[in-house]
Amino acid sequence: MIYEFLYPLHTVFSFFNVFRYITFRTIFASITALLICLFVGPWLIRKLQSLQIGQHIRKDGPQSHLSKKGTPTMGGILIIIAVVISTFLWANLAVNYIWLVLLVTVGYGLIGFADDYRKLTGSSSKGISGKTRLAFEIVIALFVSLVIYFKPGFNSQIAIPFFKTVLPNLGWGYILLATFIIVGTANAVNLTDGLDGLAIGPATICFATFVLFAYFSGNVKVATYLQIPYVTGSGELAVFCGAMVGAALGFLWFNSYPAEVFMGDVGSLSLGGALGTLAIITKQEILLAIVGGIFVVETFSVIFQVGYFKLTNGKRIFRMAPLHHHFELKGWAEPKVIVRFWIISILLALLAISTLKLR
Ligand code: 57M
């Protein structure tokens with residue numbers, strides 16, 4: 001909105017030209033979202049506490065988690081509020097992609113909210129059923145994938161990192177892939193969200209990396225120079241990513257060990273869904289698996305553990321899945337697991353960025 005109101009004034013005062021720049025608006029979107037989180041956070045945490053929105057802790061998990069009982073959850077609401085306000089303020093709302101990514105952020109947030117709410121009010125200890133939740137996730141992801149697929153100028157090729165000339169065209173299969181990526185990323189972030197700051201750290205790093213990829217893919221000169229797919233209008237998503245980085249850091253302020261609040265499914269599904277959508281719009285579908293490698297590995301640790309458990313009648317590969325529990329049970333202190341996962345995530349982001357040149 002600031003863009004719509006203030007940029008036209010550049011004809012009177014040249015200073016207002018600055019609102020044209022995506023870089024400037026990305027930085028301020030980030031600062032705005034961060035400040036919203038820092039100011040609203042303490043109030044929201046008190047509110048969640050007074051409403052007794054505290055986490056139930058599973059008794060079959062690592063013993064160290066029992067002390068976390070009562071920590072308020074659903075802190076993801078804070079992230080969503082900060083991102084939506086900041087994006088409305090700083091992004092050019094005439095770009096449809098902004099609305100698509102906001103739709104997923106809020107839509108997946110609502111699914112997570114319904115799940116958290118049912119768990120907390122005790123109407124169902126497991127939240128909404130896995131199938132119902134998945135069905136809603138698929139409906140939103142399919143809708144977004146169809147809109148992107150039928151957008152004029154869209155092509156259904158996918159970019160393979162490190163190979164600039166390998167661009168397989170999936171045709172309508174692209175719709176299935178895009179839906180899978182959005183739903184899969186949302187659930188992968190959800191599985192990772194099991195230690196203080198464990199999901200929000202790598203998510204921040206992913207969104208920061210996508211600031212670059214959105215900016216580059218939306219600029220015809222840079223995209224041509226770097227030989228990455230050019231997507232008209234996707235540069236504006238850098239502003240959204242900036243807002244996400246700010247909101248995520250603001251949330252981390254409270255979620256860092258020892259956490260004062262958890263994000264809940266409202267946060268994890270929303271963040272993951274947004275990440276998946278960004279990867280599709282910027283046509284960096286496969287790259288997401290590199291930069292979000294922590295989420296991928298956590299998910300595979302569950303798939304392998306459950307598969308092996310069933311095949312062998314109760315034997316395990318890891319002490320417990322998802323992978324972070326394995327390290328906890330090996331005796332690593334919680335902050336050590338968290339910070340080491342962040343370090344790996346930074347390394348993966350650097351690797352992902354290096355694909356711009358190594359091709
Ligand atoms: C949700 N949720 C956390 C919090 C957070 C298929 C199966 C492997 C699924 C998996 C599962 O349910 N994963 C998804 C993970 C929970 O956190 C809440 O949930 C939200 C995210 N969805 O925002 O509201 C607990 O995680 C801890 N936490 C923190 N700090 C944070 O900032 O410490 C979360 C955020 C919180 C808190 O303790 O209560 C969760 O882990 O439940 N299931 C599992 O992860 C279970 N694994 C398991 O059963 N593995 C088996 C194999 C055969 C499948 C095995 O390896 O033996 C473990 N979950 C827990 N305890 N809690 C088992 C032990």
Side-chain angles (χ1 to χ4, degrees), residues 45 48 53-80 108-109 111-120 125-130 133-134 137 184-204 248 251-273 295 297-330 332-335 337-339 341-342:
I45 293 172
L48 292 171
I53 307 212
Q55 182 72 47
H56 299 292
I57 307 289
R58 290 170 56 149
K59 302 223 164 37
D60 52 353
Q63 292 300 306
S64 55
H65 282 248
L66 296 177
S67 61
K68 292 171 185 262
K69 190 169 183 305
T71 308
T73 185
M74 292 170 105
I77 296 172
L78 183 64
I79 303 175
I80 298 177
Y108 272 48
I111 298 172
F113 181 89
D115 202 16
D116 287 333
Y117 188 79
R118 290 202 63 178
K119 277 182 209 160
L120 292 166
S125 62
K126 291 204 168 104
I128 46 180
S129 86
R133 198 177 91 170
L134 191 64
E137 288 171 8
T185 315
N187 286 288
V189 175
N190 186 36
L191 281 176
T192 307
D193 189 28
L195 297 179
D196 302 349
L198 189 71
I200 201 68
T204 312
F251 176 74
L252 180 60
W253 187 272
F254 305 105
N255 182 235
S256 53
Y257 181 86
E260 296 157 66
V261 67
F262 299 151
M263 68 170 79
D265 290 6
V266 53
S268 57
L269 292 182
S270 169
L271 288 171
F295 304 128
V297 170
E298 288 267 36
T299 305
F300 275 104
S301 75
V302 170
I303 295 172
F304 290 144
Q305 179 91 330
V306 176
Y308 193 73
F309 190 86
K310 285 188 178 154
L311 281 176
T312 58
N313 283 324
K315 283 196 188 154
R316 291 182 162 85
I317 305 174
F318 305 105
R319 294 186 186 196
M320 189 183 277
L323 192 60
H324 51 264
H325 287 317
H326 172 77
F327 292 113
E328 273 195 294
L329 293 179
K330 271 184 82 172
W332 292 19
E334 183 174 341
V337 183
I338 300 160
V339 175
F341 275 44
W342 289 355

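This one's a predicted model, so the numbers in the text were calculated from it and none came from an experiment. One-based numbering, in listed order, for ligands and for the atoms of each.
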Legend entry - Enumerated ligand 1 atoms positioned under 4.0 Å from heavy atoms of Q305: 52 (C), 53 (C), 55 (C), 56 (O)

Inset, instruction - Determine whether the aromatic ring centres of Y308 and F304 lie less than 6.0 Å apart. - result: no

Legend entry - For atom 18 (C) of ligand 1, closest protein heavy-atom neighbour: Q55 OE1, 3.4 Å

Legend entry - Distance (rounded to the nearest 0.5 Å) between F327 CZ and F318 CZ: 8.0 Å

Legend entry - Distance-minimising heavy-atom pair for W342 and G197: NE1-O, 2.9 Å

Inset, instruction - Before signing off on this row, confirm whether G194 and ligand 1 have an N or O atom pair separated by under 3.5 Å. - result: yes

Inset, instruction - Would you mind checking which non-hydrogen protein atom is closest to atom 54 (C) of ligand 1, with the distance to 0.1 Å? - result: V306 CG2, 3.5 Å

Inset, instruction - For ligand 1, note which part of M74 has a heavy atom under 4.0 Å away: side chain, backbone, both or neither. - result: neither

Legend entry - For atom 6 (C) of ligand 1, the protein heavy atom that lies nearest, with its residue and separation: V302 CG1, 3.9 Å

Inset, instruction - Could you establish whether G264 and ligand 1 come within less than 4.0 Å of each other, counting only heavy atoms on the residue side? - result: yes

Legend entry - For M263, the ligand 1 atoms whose distance to one of its heavy atoms is below 4.0 Å: 23 (O)

Inset, instruction - Could you tell me whether some N/O pair between F309 and ligand 1 is separated by less than 3.5 angstrom? - result: no

Inset, instruction - Kindly give the heavy-atom pair with the smallest separation between M320 and P62, and that separation in Å. - result: SD-CD, 4.0 Å

Inset, instruction - Go through the side-chain N and O atoms of H326 and Q305 and say whether any donor and acceptor fall under 3.5 Å apart. - result: no

Inset, instruction - Kindly compute the distance separating CG (L195) from NE2 (H324), expressed to the nearest 0.5 Å. - result: 4.5 Å

Legend entry - Sub-4.0 Å protein heavy atom near atom 34 (C) of ligand 1: yes

Legend entry - Identity and distance of the protein heavy atom lying nearest atom 10 (C) of ligand 1: L191 CD2, 3.9 Å

Inset, instruction - Could you find the nearest protein heavy atom to atom 63 (C) of ligand 1 and give me its residue, atom name and distance? - result: M320 SD, 3.6 Å

Inset, instruction - With heavy atoms of D265 as the reference, note each atom of ligand 1 found under 4.0 Å away. - result: 20 (C), 21 (C), 22 (N)

Inset, instruction - Measure D193 to ligand 1 on non-hydrogen atoms and call it side chain, backbone, both or neither using the 4.0 Å cut-off. - result: both

Legend entry - Qualifying residue, where the test is side chain to side chain contact (heavy atoms under 4.5 Å, CB included) with F254 and the options are I200, D196, V261: V261

Inset, instruction - Compute the shortest N/O to N/O distance between R319 and ligand 1 and return yes if it is under 3.5 Å, no if not. - result: no

Legend entry - Contacting atoms of ligand 1, where contact means under 4.0 angstrom from a heavy atom of T73: 24 (O)

Inset, instruction - If you have a sec, work out which protein heavy atom is nearest atom 14 (C) of ligand 1 and how many Å separate them, to one decimal? - result: N190 O, 3.7 Å

Inset, instruction - Please report the closest heavy-atom contact between A199 and M263, naming both atoms and the distance. - result: CB-CE, 4.1 Å

Inset, instruction - Look at atom 55 (C) of ligand 1 and find which of K119, R316, H326 reaches it with the closest heavy atom. - result: R316

Legend entry - Interatomic distance, I111 atom CD1 to D265 atom CG [nearest 0.5 angstrom]: 10.5 Å

Legend entry - Proximity winner for atom 37 (C) of ligand 1, if only heavy atoms of K310, H65, E328 are counted: H65

Inset, instruction - Grab the two heavy atoms, one from E328 and one from S64, that are nearest each other, plus how far apart they are. - result: OE2-OG, 3.4 Å

Inset, instruction - Return the minimal non-hydrogen interatomic distance between T204 and A248, and the atom names on each side. - result: OG1-CB, 3.4 Å

Inset, instruction - Could you tell me which non-hydrogen atom of F251 sits nearest to which non-hydrogen atom of G76, and how far apart they are? - result: CE1-N, 4.5 Å

Legend entry - Atom indices of ligand 1 within 4.0 angstrom of G61 heavy atoms, with elements: 61 (N), 64 (C)

Legend entry - Numbered atoms of ligand 1 (with element) below 4.0 Å of K68, judged on heavy atoms: 29 (C), 33 (O), 38 (O)

Legend entry - Protein residue, atom and distance nearest to atom 12 (O) of ligand 1, heavy-atom basis: R58 NH1, 4.1 Å

Legend entry - CD1 on I79 to CG on N255, rounded to 0.5 Å: 8.0 Å

Inset, instruction - Under 4.0 Å from a heavy atom of N255: give me the atoms of ligand 1 that qualify, with their elements. - result: 32 (O)

Legend entry - Contacts of type side chain to side chain contact (heavy atoms under 4.5 Å, CB included), residue V297, not counting sequence neighbours: L323

Legend entry - Residue and atom name of the nearest protein heavy atom (relative to atom 56 (O) of ligand 1), distance in Å to one decimal: A321 N, 2.7 Å

Inset, instruction - Provide the number and element of each atom of ligand 1 under 4.0 Å from a heavy atom of P322. - result: 44 (C), 45 (O)

Inset, instruction - Take atom CH2 of W253 as the centre, draw a 6.0 Å sphere, and report whether it contains more than 12 heavy atoms from other residues, nucleotides or ligands. - result: no

